[in-house]
Number of protein chains: 2
Amino acid sequence: MITIKDVAKRAGVSISTVSRVINNSKPVSNEIRQRVLKVIEETGYTPNPLARSLVTKKSQLIGVIVPDISDFFMGELLNGIEEVGKIYDYDIVLCNSYGEPDEELKYINLLKSKQVAGIIFVSWKMNQKHVDVIEKANIPAVYISKNATEFDVYSVSINNFEASYDMTKYLIENGNKKIAFMKSSAQDNIMDSDRYRGYKKALKEANIEIDETLVKEGDDTSESGYYLMSEILEAKNIPDAVFASRDEIAVGVINCILDAGYKVPEDISVSGYNDIKLASLYRPALTTIKQPIYDMGAVSIRMIVKIINNEGLEDKKILLPYSLIERQSVLKK
Amino acid sequence: MITIKDVAKRAGVSISTVSRVINNSKPVSNEIRQRVLKVIEETGYTPNPLARSLVTKKSQLIGVIVPDISDFFMGELLNGIEEVGKIYDYDIVLCNSYGEPDEELKYINLLKSKQVAGIIFVSWKMNQKHVDVIEKANIPAVYISKNATEFDVYSVSINNFEASYDMTKYLIENGNKKIAFMKSSAQDNIMDSDRYRGYKKALKEANIEIDETLVKEGDDTSESGYYLMSEILEAKNIPDAVFASRDEIAVGVINCILDAGYKVPEDISVSGYNDIKLASLYRPALTTIKQPIYDMGAVSIRMIVKIINNEGLEDKKILLPYSLIERQSVLKK
DNA sequence: TTGTAGGCGTTATCAA
DNA sequence: TTGATAACGCCTACAA
């Protein structure tokens with residue numbers, strides 16, 4: 001392996017000079033600069049990032065902690081993170097926490113020991129403990145989590161409250177009165193989620209009373225959606241529509257409805273949330289809230305870079321635009 | 001940050017001694033070992049991996065190059081890689097090549113400069129150049145690619161030829177005679193893919209002549225499947241079944257068939273390949289070849305670790321078992 | 001503008 | 001069994 005020393009020798013200069021031209025850190029006479037550059041070119045020398053990090057105490061690594069790599073949402077998110085990360089010359093070290101707080105905490109420390117330059121923390125549901133640990137590690141961090149806005153941290157998300165409100169209103173406007181809602185399990189979260197609050201607000205405005213038997217709570221999987229829907233169906237209290245707070249859940253819901261012999265959207269309309277790839281692939285194609293998932297990843301790493309470089313950040317919380325995508329799973333009036 | 005020096009001082013020993021107890025590299029008297037251990041415990045000291053790698057020339061990083069992170073297949077694969085990697089204390093640095101050979105090559109070099117301990121190279125279609133570059137970088141590598149078996153490298157896959165043969169035979173046994181096949185674009189690959197060969201063999205055995213107009217070639221997306229199927233439909237040469245060499249393609253195919261007013265599987269049966277999550281979520285649920293995707297990831301990193309540690313590896317090519325999953329997209333006779 | 005030398009946190013060699 | 005000390009490849013005062 002060729003080192004800075006070799007380059008220096010071949011160029012007939014000291015290693016500090018080579019270092020200077022590499023980093024543009026101090027003036028170097030043009031003649032010498034050219035000479036050094038030429039040698040670098042010839043030898044194909046690249047600085048050893050390890051040695052560099054050791055002295056600068058900074059690496060070109062960004063740690064990304066996600067709850068499930070194989071989740072459809074994460075794939076698109078990671079795409080965004082990776083792609084713009086590359087632009088700024090950062091690499092991604094990937095950690096799969098399985099959503100378990102212990103794992104998440106462990107990974108934060110592990111990443112710290114790896115001297116990552118920053119952390120993007122993706123979680124189903126974050127809590128103060130996460131914030132404390134990351135804060136203590138003193139690493140720039142950006143959070144992506146449904147409830148990230150509840151904390152005083154850098155975060156990127158969409159306005160879940162408004163989006164959910166819009167979708168519910170849309171459902172109502174299309175003639176649906178009995179609207180079921182699938183929320184994801186509350187865990188240690190006392191407050192109602194933004195999405196649930198948006199749903200409630202829309203109903204209230206339309207003077208529709210909330211039917212608690214139509215509000216179900218489960219986890220973020222299609223299996224859960226299937227099960228929850230089967231409960232509703234069994235109770236014989238058939239809704240006009242169901243609003244699932246996640247596309248995967250919506251797909252489970254639809255599968256259940258179909259298996260029970262009803263039709264979607266003719267008998268029951270179903271809407272999702274996120275607009276993952278699956279949403280447009282599935283039939284009936286899902287009417288859903290489009291989150292700019294790729295962009296969320298892109299923006300979050302851009303934030304990290306800004307924090308690292310002390311560039312100004314206007315806002316700690318970035319809210320990206322969402323949109324309501326009309327497809328086939330909701331019957332239009 | 002607390003270093004080995006601090007530990008040494010607090011324990012009243014030299015840093016070499018501390019290093020020895022950390023690495024168990026040389027005998028240390030029990031009394032001193034305990035003392036050092038205690039200090040480590042108290043101070044919460046963890047060795048700096050960077051400094052360590054700098055001297056050992058080895059890191060605990062495994063580079064994973066994938067063609068598309070958001071691909072359904074990759075998610076499950078990465079899950080396997082990450083989880084098993086963690087067991088052996090390896091972290092994953094993730095690279096997205098977009099399937100572009102230039103990017104792939106660049107990443108290999110980048111990973112080398114990061115001193116990764118190994119590379120898992122995932123590619124739609126690999127070629128000799130990849131092998132050469134990785135070989136030259138002299139880094140342990142395992143390949144996951146449909147055509148990996150064509151090269152003399154460590155690889156993990158399933159027996160694509162047999163699996164494809166089985167599926168085609170299954171289709172035939174269920175009364176289908178005119179069976180279309182969707183293969184993925186050949187690129188620089190002269191030979192027919194294993195999957196296509198399996199298809200041909202089954203047809204031949206059943207004395208069915210290959211109808212070239214029913215063999216289509218496109219890329220690995222559902223859009224491609226949709227388009228290819230529309231061509232077939234337009235040609236009015238309606239097949240009994242179509243065998244798509246990838247689940248995503250199959251979904252596109254079905255969507256096209258559905259949109260054209262035909263029924264699946266009543267009018268046309270469709271089978272996929274891979275058994276990604278989508279396959280069971282979609283309706284009609286896909287009859288497909290189940291690749292043990294998670295296991296493929298798990299096995300590949302296990303191989304890397306073995307190579308690194310010079311443990312014996314029986315075989316360069318590991319073939320994992322596959323199975324034919326019967327669901328709803330193929331009509332049973 | 002350039003070079004010398006010390007140090008980043010480890011491991012590894014060689015004496016003691 | 002232990003301890004100095006020289007690397008590892010790079011950056012950065014400090015001097016020249």
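In the text below, chain A, chain B and the rest are named by the order of the sequence lines, each starting its count at 1.
- A straight line from NZ of A:K9 to C1' of D:dC10 spans 16 Å, rounded to a whole angstrom.
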Contact list (N/O, under 3.5 angstrom) for nucleotides 4-8 of chain D vs protein:
residue, atom, partner, partner atom, Å
D:dA4, N7, B:S16, OG, 3.3
D:dA4, N6, B:S16, OG, 3.0
D:dC8, O3', B:K57, NZ, 3.0

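- At a threshold of 4.5 Å between non-hydrogen side-chain atoms, the residues A:K316 and A:S155 do not count as touching.
- Atom pair A:R35:CZ and C:dT2:P shows a separation of 9 Å (rounding to whole Å applied).
- With hydrogens and angles left out, the side-chain atoms of B:E82 and A:N96 include no donor and acceptor closer than 3.5 Å.
- When the P atom of D:dG3 is taken as reference, atom CZ of B:R33 falls 14 Å away, rounded to whole Å.
- Position along DNA chain D of the nearest nucleotide to B:S29 versus A:K26 favours B:S29 as the more 5'-ward residue.
- A:K129 and A:D102 are not joined by a salt bridge, as no carboxylate oxygen comes within less than 4.0 angstrom of a charged side-chain nitrogen.
- Counting only heavy atoms from C-beta outward, the side chains of A:K136 and A:V133 never approach each other to under 4.5 Å.
- A:E31 has its CD atom 13 Å from the P atom of C:dT1, to the nearest Å.
- Applying the ring-ring contact (aromatic ring centres under 6.0 Å, His included) test to every pair with at least one member in residues 60-82 of chain B, sequence neighbours left out, gives these pairs: A:F72-B:F72.
- Per the geometry, CG belonging to A:L50 stands 11 Å off C1' belonging to C:dT10, to the nearest Å.
- Residues B:E104 and B:H130 are in side-chain contact: their nearest non-hydrogen atoms beyond the backbone lie under 4.5 Å apart.
- For A:N23, a side-chain nitrogen or oxygen approaches OP1 or OP2 of D:dC11 to under 4.0 Å.
- Between the CD1 atom of A:I4 and the P atom of C:dC8 there is a distance of 18 Å, given to the nearest Å.
- Rounded to an integer number of Å, the gap from CD of A:Q34 to P of C:dT2 is 12 Å.
- One atom, CG of A:N24, and another, P of D:dC11, lie 12 Å apart when rounded to the nearest Å.
- Annotation: the span from A:K86 atom NZ to B:C95 atom SG amounts to 9.0 Å, rounded to 0.5 Å.
- Residue B:T46 is in sugar-phosphate contact alone, with no base atom involved, counting any heavy-atom pair closer than 4.0 Å across all strands shown.
- A:I32 comes within 4.0 angstrom of the backbone, heavy atoms only, and of no base.
- Between B:S19 and the phosphate of C:dT11, there is a side-chain N or O to OP1/OP2 separation shorter than 4.0 Å.
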